[in-house]
J.: 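One structure, as C-alpha cells, below. Some questions next.
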Amino acid sequence: VNYKTPKTLQWVPGSVHTVTAVTPPLVNGTRNVFARWTDGGAQTHTIVAPASSMVYRADYATSYAGVFSATTPGNVVVSPVSTDTFYTRGQAVQLEAVVPAGYCFTSWTGLNAGTPAATKVTVLKAYTVNANYQPASISATPASLTVPITTNTKTINVSATAGCMWTAKSPVTWVKV
C-alpha cells in the first residue's frame, strides 16, 4: 500500500513490516533520488514495530538537469562535466563559451542578459542554456598610416560588427590608443 507523507500508522509492537522509499518520477528536470532512511536501513527494508512511538523518514538527494550547448560553430566548456546531465542542488558549474575564429559571443539563452562568456552557475533549478555567436569582422580605414614627425596626431577609423566586443592595443609606447 502506498501512502503520502507524513503518515501515522498504528502497529502492534513486535509486528514486522517492510517499508520502501519509492523513487519519484522526474518532473521538469528535477530528480529526487533516495539517499537514506533515518534508521539507516536500505531503500526497501524490514522494521519491527517498537513498543513506543518512532519516526521513520526517507531522505532524498535533489539534482537538476543541466543542458549546456552552443550554436554552430561554437562550443561550451562545462566544468565539472556530468555523466548524466544532472547536477546536485547547490553545485557550482563553470561555463565558458568558446568563440570560434571569425565569430563573437553575443549572449546566453537561458541565463540573464549580459552574462559574460565565462560564468559560474549555482544549480538551484533545471537549466537549458545555449551560447550564441554571430559572424564578426573588424576593419580599419585607412588600413595603414604614415605619420610625419611634424604631425602630432592622426586618426584611424575602426568599425566592427555590432554586438561584438573588441580591444585596440599597440605594441609600441609612442602610439597611444
Side-chain angles (χ1 to χ4, degrees), residues 2-7 20-38 43 55 57-145 153-173 175-177:
N2 289 331
Y3 299 103
K4 291 191 181 224
T5 61
K7 177 67 177 170
T20 299
V22 298
T23 301
L26 183 69
V27 177
N28 296 326
T30 302
R31 179 173 70 186
N32 290 297
V33 176
F34 171 78
R36 70 191 146 276
W37 279 98
T38 52
Q43 188 168 2
V55 174
R57 185 185 73 237
D59 294 327
Y60 290 82
T62 301
S63 58
Y64 300 100
V67 178
F68 307 108
S69 59
T71 55
T72 302
N75 190 20
V76 176
V77 175
V78 180
S79 180
V81 174
S82 169
T83 57
D84 63 358
T85 75
F86 280 85
Y87 292 88
T88 305
R89 178 178 175 76
Q91 183 175 2
V93 178
Q94 289 290 138
L95 303 176
E96 183 179 354
V98 179
V99 182
Y103 286 79
C104 69
F105 170 79
T106 56
S107 65
W108 292 100
T109 302
L111 296 178
N112 292 334
T115 300
T119 191
K120 179 176 83 171
V121 173
T122 300
V123 179
L124 298 173
K125 63 175 188 161
Y127 283 94
T128 300
V129 175
N130 191 68
N132 301 298
Y133 306 90
Q134 69 180 25
S137 66
I138 188 166
S139 62
T141 308
S144 64
L145 184 65
T153 61
K154 283 286 189 176
T155 301
I156 296 177
N157 296 310
V158 178
S159 64
T161 305
C164 293
M165 301 293 294
W166 60 277
T167 303
K169 295 179 183 178
S170 173
V172 293
T173 58
V175 174
K176 299 208 191 270
V177 180

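The analysis underlying the following values was restricted to heavy atoms, covering all of them including side chains, and did not include hydrogens, waters or symmetry mates. Counting begins at 1 with the first residue of the sequence.
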J.: Which atoms form the tightest heavy-atom contact between Lys4 and Lys7, and what is the distance?
T.: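 Heavy-atom minimum between the residues: O-CB, 3.7 Å.
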
J.: Write down the atom of Tyr133, the atom of Asn75, and the distance for their closest heavy-atom approach.
T.: OH-O, 2.9 Å

J.: So, do Leu124 and Arg89 sit near enough that their side-chain heavy atoms are less than 4.5 Å apart?
T.: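 Yes, close enough: below the 4.5 Å cut-off.
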
J.: If you take all heavy atoms of Tyr60 and Pro24, which pair is closest and at what distance?
T.: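 Heavy-atom minimum between the residues: CE2-CD, 3.7 Å.
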
J.: Just wondering, more than 12 heavy atoms not from Asn28 lying within 6.0 Å of its CG?
T.: no

J.: Provide the closest heavy-atom pair for Ala61 versus Ala35 in the form atom of the first, atom of the second, distance.
T.: N-CB, 4.1 Å

J.: Got a sec, which pairs hit side-chain hydrogen bond (donor to acceptor under 3.5 Å, both in side chains) with one end in residues 100-111, sequence neighbours left out?
T.: Ser107-Asn132, Thr109-Asn132

J.: For Thr115 and Phe105, work out which heavy atoms get closest and say how close.
T.: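 Scanning both residues completely, I find the closest heavy atoms to be O-CE2, 3.8 Å.
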
J.: Donor-acceptor pair, Ser82 side chain versus Tyr87 backbone, under 3.5 Å?
T.: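 No, because the side chain of Ser82 does not come within donor-acceptor range (under 3.5 Å) of the backbone of Tyr87.
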
J.: Considering only heavy atoms from C-beta outward, does the side chain of Leu95 approach that of Val78 to under 4.5 Å?
T.: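 Heavy-atom side-chain distance check passes, below 4.5 Å.
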
J.: When you compare the side chain of Thr88 with that of Val123, does any pair of heavy atoms fall below 4.5 Å?
T.: no

J.: List the residues meeting side chain to side chain contact (heavy atoms under 4.5 Å, CB included) with Thr30, not counting sequence neighbours, and say none if there are none.
T.: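 For Thr30, the residues satisfying side chain to side chain contact (heavy atoms under 4.5 Å, CB included) (neighbours in sequence not counted) are Asn32, Thr62, Tyr64.
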
J.: Quick one: are Val55 and Thr38 in side-chain contact, heavy atoms under 4.5 Å?
T.: no

J.: Mark yes or no for whether Ser69, through its side chain, and Asn130, through its backbone, hold a donor-acceptor pair below 3.5 Å.
T.: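 Answer holds: no.
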
J.: Restricting to non-hydrogen atoms, name the atom on Ala97 and the atom on Ala131 that form the minimum distance, rounded to 0.1 Å.
T.: CB-CB, 3.9 Å

J.: Using distance alone, with no hydrogens and no angle criterion, decide if Gln43 and Thr23 have a side-chain donor and acceptor under 3.5 Å apart.
T.: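 Yes, because at least one side-chain N or O of Gln43 sits under 3.5 Å from a partner of the opposite role on Thr23.
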
J.: Taking C-beta and beyond as the side chain, do Gln91 and Ser63 meet within less than 4.5 Å on heavy atoms?
T.: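 Heavy-atom side-chain distance check fails, nothing below 4.5 Å.
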
J.: Can you tell me how far CD of Glu96 sits from OG1 of Thr119, rounded to the nearest 0.5 angstrom?
T.: 11.0 Å

